[in-house]
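For ligands, and for the atoms within them, numbers begin at 1 and follow the listed sequence. All values below come from the heavy atoms of this structure, side chains included, with hydrogens, waters and symmetry mates left out. Given the structure is predicted, the values throughout are model-derived calculations rather than measurements.
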Amino acid sequence: MFLALTEVIPKKLMNKNLSKNTADISQEKIDWREVQVRMKRTFGNDIFESWLKKINFVEEFKNYILLSVSTRFIRDWITSRYLDEILRVIRELNKNINRIELKIDEINLENSKENKSSEVEKKNISFIKDSFLQYNRIDQNKNFDNFVIGQSNKLAFEASKKVTENLAHYNPLYIYGGVGMGKTHLLNAMGFILKNNNKIMFISAERFMYQFVKSIKSNEMVKFKDYFRNTDVLIVDDIQFMNGKEAMQEEFFHTFNALIEKGSQVIVSADRAPNKLSRIQERIKSRFSGGLVIDIQKPDFELRYKIVQTKIEELSTLNYIQINIPEEVKKFISTEVKTSIREIVGAINRVVSFSRIYNKEPNLSETKIILKDLLNLSENNVTIDQIQSLVCKFFKISKNEMLSSRRSRYLVRPRQTAIYLTKILTSKSLPEIGREFSNRDHTTIIHSVKTIEKLKKSDLELCANIDTLKNKILYNKNNEI
Ligand code: ADP
Ligand code: MG
């Protein structure tokens with residue numbers, strides 16, 4: 001998600017030595033420094049410095065690892081974007097680890113009621129403790145208070161609220177809509193309120209499947225059944241993934257019926273209407289249709305703008321600083337980022353990160369660069385000729401020199417730079433690029449790209465040059481839009 005930003009922001013002095021230190025760390029335990037080194041390599045300096053460096057290692061258990069960060073915001077950010085990949089990195093070092101728990105380090109200001117309910121929650125999930133379920137717990141940051149309402153999601157919001165006030169009134173509640181429209185947000189919001197007085201189970205359909213298969217393998221089907229049938233509220237996110245797997249659908253169907261019969265609330269979300277679900281039993285679809293079915297549609301301009309405003313304010317509060325984003329940038333994002341609320345939130349996060357890293361308000365051109373991949377800007381607007389001309393001008397060489405076969409040092413690097421930029425800024429294939437660079441072979445093109453990529457890791461000047469050139473190339477184009 002952050003790639004575009006990473007590419008645009010010059011590498012700063014981020015070469016802290018994170019060399020491996022094995023002293024006083026027992027052999028079996030994971031070496032956190034080593035994990036850091038690998039995370040840095042995997043995610044790149046910017047993401048590492050902005051987010052991952054802040055993670056503290058707390059403790060390692062048999063098959064999971066406990067980490068902490070300082071705020072909810074950071075936890076959520078890391079969980080939603082990087083956690084799976086971090087787990088993969090950790091598993092390179094220790095295959096036994098199959099889960100990460102991220103806790104918040106802040107002084108615990110929560111009232112006792114809250115603590116009590118989280119205890120209940122802990123007890124609730126004890127039997128499934130080893131599963132992936134735990135990092136799928138209710139996210140308190142997604143609540144009704146910070147759900148921004150507009151035409152497209154008003155009904156879904158109201159129905160969700162109603163369910164929390166009057167259990168089993170709409171049963172099941174089925175919320176559907178495209179990716180990033182706020183379904184999971186609403187599910188969390190309901191779960192957060194309902195868990196105070198009810199036994200709740202909040203699970204994604206994928207995890208449900210995983211748990212189902214695991215329970216069969218470990219002969220714990222009875223526990224599995226009991227567990228799910230004992231809840232007062234069953235919330236299943238992304239039900240469309242529960243396709244195929246007849247035995248599991250069978251189990252789900254019976255669980256579903258048992259719950260509805262005893263007056264428990266069932267809430268599901270999906271990316272499509274019940275009748276459009278594929279490879280899901282008809283009888284299940286028809287059960288879904290029997291409750292309240294509500295869709296969330298694409299946000300209109302008004303809602304998008306409201307979200308932009310709200311998210312900037314939220315980030316200001318969370319970071320204890322006033323974040324100023326120019327009005328024209330806010331309007332631009334609200335106008336251009338249309339596909340989903342997730343993308344709008346992503347766009348805001350990038351723009352805000354930019355303003356914090358550079359310590360300045362991003363202007364419109366910068367915003368366009370930062371958000372390039374989110375916007376529908378045609379990459380083909382950038383031509384090879386234009387890249388070659390700009391690179392030649394920048395390095396003060398002639399185009400003939402660049403395209404010649406001479407291997408003088410002062411020509412090789414600019415040539416490789418131009419090839420690299422062509423590769424990343426256009427959609428040309430390697431042979432096509434080769435042809436435009438005096439019929440060079442595609443292996444030469446690969447070599448150039450790899451060389452620059454490698455140098456970028458250590459050569460700060462080269463990084464800065466590339467960023468400058470990239471901005472020049474994109475900036476000129478952006479002005480024409
Ligand atoms: P979905 O489950 O529909 O794919 P999510 O609930 O995960 O979408 O939403 C994507 C992101 O957008 C989340 O960060 C969520 O908090 C945010 N979001 C979605 N809708 C709203 C809204 N109406 N108000 C505030 N934030 C929202
Ligand atoms: Mg979702």
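- Close approach of ligand 1 to G178 (heavy-atom distance below 4.0 Å) involves ligand atoms 3 (O).
- Inclusion of V345 in the set of residues having an N or O under 3.5 Å from an N or O of ligand 1 is not warranted.
- Protein N/O/S atoms nearer than 2.8 Å to the Mg ion (ligand 2) total 1.
- Proximity of N153 to ligand 1, defined as any heavy-atom pair under 4.0 Å, is confined to the side chain (atoms from C-beta onward).
- A donor atom on one side chain and an acceptor atom on the other are not found under 3.5 Å apart for K276 and Y176.
- Closest protein heavy atom to atom 21 (C) of ligand 1: I341 CG2, 3.6 Å.
- Counting only heavy atoms of the protein, atom 25 (C) of ligand 1 lies nearest to N146 O, 3.3 Å.
- Of the candidates A156, S269, G182, the one placing a heavy atom closest to atom 8 (O) of ligand 1 is G182.
- Contacts of R287 classified as salt bridge (Lys or Arg N to Asp or Glu O under 4.0 Å), with partners at least two apart in sequence or in another chain: none.
- Contact annotation: G177 has no heavy atom less than 4.0 Å from any atom of ligand 1.
- Considering backbone and side-chain atoms together, I307 places no N or O closer than 3.5 Å to any N or O of ligand 1.
- Applying the side-chain contact (heavy atoms from CB on, under 4.5 Å) test between V69 and each of N56, I55, L52, T79 identifies I55 as the sole match.
- Among the atoms of G180, some N or O lies under 3.5 angstrom from an N or O of ligand 1.
- With 3.5 Å as the limit, one finds no donor-acceptor pair spanning the side chains of S204 and D238.
- Residues P274 and K285 approach most closely at O-CD, 3.2 Å, considering heavy atoms.
- Checked against a 3.5 angstrom limit, the closest N/O atoms of K142 and ligand 1 fall outside it.
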